[in-house]
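Below is one structure, written out as structure tokens; comments come after it.
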Amino acid sequence: QCEDIAYDKLDNNGNEIWIDRVVSSDVASHCEFDLIKADRFNGNIMFTFGSATGTWLGRFNKYGVKDMASVKIRDQTDLKIVDVAATPNGNMHMVWTDNGKILYTMVDSTGQKVVEDRVISSSSSQNPGFPRIAATSDNRAVVVWSDARYGSREIMYTIILPGHEGDST
């Protein structure tokens, strides 16, 4: 268990580029269960982490500067993390499961929530697995998850098109 989440960046030889950059310093709460992803288009490093005050998104730019305040993605205090991916336009797309549903939130490059808690799984979903999200070079977000709606586990997916992030499913 930890109080803050710190990040170190090493070069290919294991030498330190920077050390002890604190991700969660603006979240005054116990933090754990983090997920780290690199933005392959802009070089940013994105973090999602659970805390006693909810689930959060943090970001460092490619120079190691925390250039966006942490954004609360979920209010629930169950320390749940979410998967995240960024599109070339800087939008950050997040997905997670909650009460048998796959949920989606989008935060723009400035840290403002644009879409919040959109259900992207159908009402016939059965026991959906942890979803994963990836971004395409044309600003689409692709979500995949396992689902048992037809009896055995199968892989399901949805593609979220730019400009349609908030559409109902």
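For reference, positions follow the sequence shown, starting with 1.
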Self-check item: Under 3.5 Å donor-acceptor, K101 side chain and V119 backbone
Solution: no
Exercise. Go through the structure and list residues passing salt bridge (charged side-chain N to carboxylate O under 4.0 Å, His left out) with K113, not counting sequence neighbours.
Key: E116
Quiz item: Can you name the nearest heavy-atom pair linking D98 to R74, along with the distance?
Solution: OD2-NH2, 3.2 Å
Self-check item: Pairwise distance CG(L10) to CG(N15) - rounded to 0.5 angstrom
Solution: 8.0 Å
Quiz item: Sub-3.5 Å donor-acceptor pair from the side chain of N139 to the main-chain atoms of N89, do we have one?
Solution: yes
Quiz prompt | Residues which pass ring pair (Phe, Tyr, Trp, His ring centres under 6.0 Å) with F47, listed by chain and number, not counting sequence neighbours | solution = Y7, F60
Exercise. Evaluate the side-chain proximity of V95 to I120: yes if any heavy-atom separation is below 4.5 Å, no if none is.
Key: yes
Quiz item: Who passes side chain to side chain contact (heavy atoms under 4.5 Å, CB included) against D108, sequence neighbours left out?
Solution: N91, T110, Q112, V114
Quiz item: Who are the salt bridge (charged side-chain N to carboxylate O under 4.0 Å, His left out) partners of K62, not counting sequence neighbours?
Solution: none
Practice problem: Only pairs at least two apart or in different chains count here, so list each ring pair (Phe, Tyr, Trp, His ring centres under 6.0 Å) that has a residue in residues 69-106. | Solution: H93-Y104
Quiz item: When you measure from the side chain of K37 to the backbone N and O of A86, does any donor-acceptor pair fall under 3.5 Å?
Solution: no
Quiz item: Taking all atoms of both residues into account, what is the closest heavy-atom pair of P88 and S137, and its distance?
Solution: CG-O, 3.5 Å
Quiz item: Can you name the side-chain hydrogen bond (donor to acceptor under 3.5 Å, both in side chains) partners of D39, sequence neighbours left out?
Solution: N42
Quiz item: Is there side-chain contact between V71 and R59, with at least one heavy-atom pair below 4.5 Å?
Solution: no
Quiz item: Between the side chain of T105 and the main-chain N/O of D117, is any donor-acceptor distance below 3.5 Å?
Solution: yes
Which donor-acceptor pairs under 3.5 Å do side chains of residues 157-165 form with protein atoms, sequence neighbours excluded?
unit_1, atom_1, unit_2, atom_2, d
H164, ND1, D167, OD2, 2.7
E165, OE1, G163, N, 3.0
E165, OE2, G163, N, 3.3

Quiz item: Does the pair V82 and L35 meet the rule for a side-chain contact (heavy atoms from CB on, under 4.5 Å), with working shown?
Solution: CA-CA 8 Å; V82 302; L35 179 139; over 6 Å; no
Practice problem: Could you pull out the closest heavy-atom pair between G111 and M68, with the gap in Å? | Solution: CA-SD, 3.4 Å
Exercise. Could you pull out all residues at least two apart from T97 that satisfy side-chain hydrogen bond (donor to acceptor under 3.5 Å, both in side chains)?
Key: none
What pairs of donor and acceptor atoms, side-chain ones from residues 129-136 against any protein atom, are under 3.5 angstrom apart with sequence neighbours left out?
unit_1, atom_1, unit_2, atom_2, d
T136, OG1, D138, OD1, 2.4
T136, OG1, R140, N, 3.0
T136, OG1, R140, O, 3.4

Self-check item: Derivation and outcome, side-chain contact (heavy atoms from CB on, under 4.5 Å), residues M94 and T55
Solution: CA-CA 11 Å; M94 287 145 287; T55 302; over 6 Å; no
Self-check item: Pairs touching residues 6-17 that satisfy salt bridge (charged side-chain N to carboxylate O under 4.0 Å, His left out), sequence neighbours left out
Solution: none
Exercise. Taking the side chain as every heavy atom from C-beta outward, state whether I45 and I36 have any pair of such atoms under 4.5 Å apart.
Key: yes
Practice problem: Just grab all the ring pair (Phe, Tyr, Trp, His ring centres under 6.0 Å) pairs involving residues 71-91, residues at least two apart or on different chains. | Solution: none
Exercise. Measure across S70 and F49 and return the closest heavy-atom pair with its distance rounded to 0.1 Å.
Key: OG-CZ, 4.1 Å
Self-check item: side chain to side chain contact (heavy atoms under 4.5 Å, CB included) involving D147 - partner list, sequence neighbours excluded
Solution: S125, Q126, P128, W145, R149, M156
Practice problem: Evaluate the side-chain proximity of V107 to I73: yes if any heavy-atom separation is below 4.5 Å, no if none is. | Solution: yes
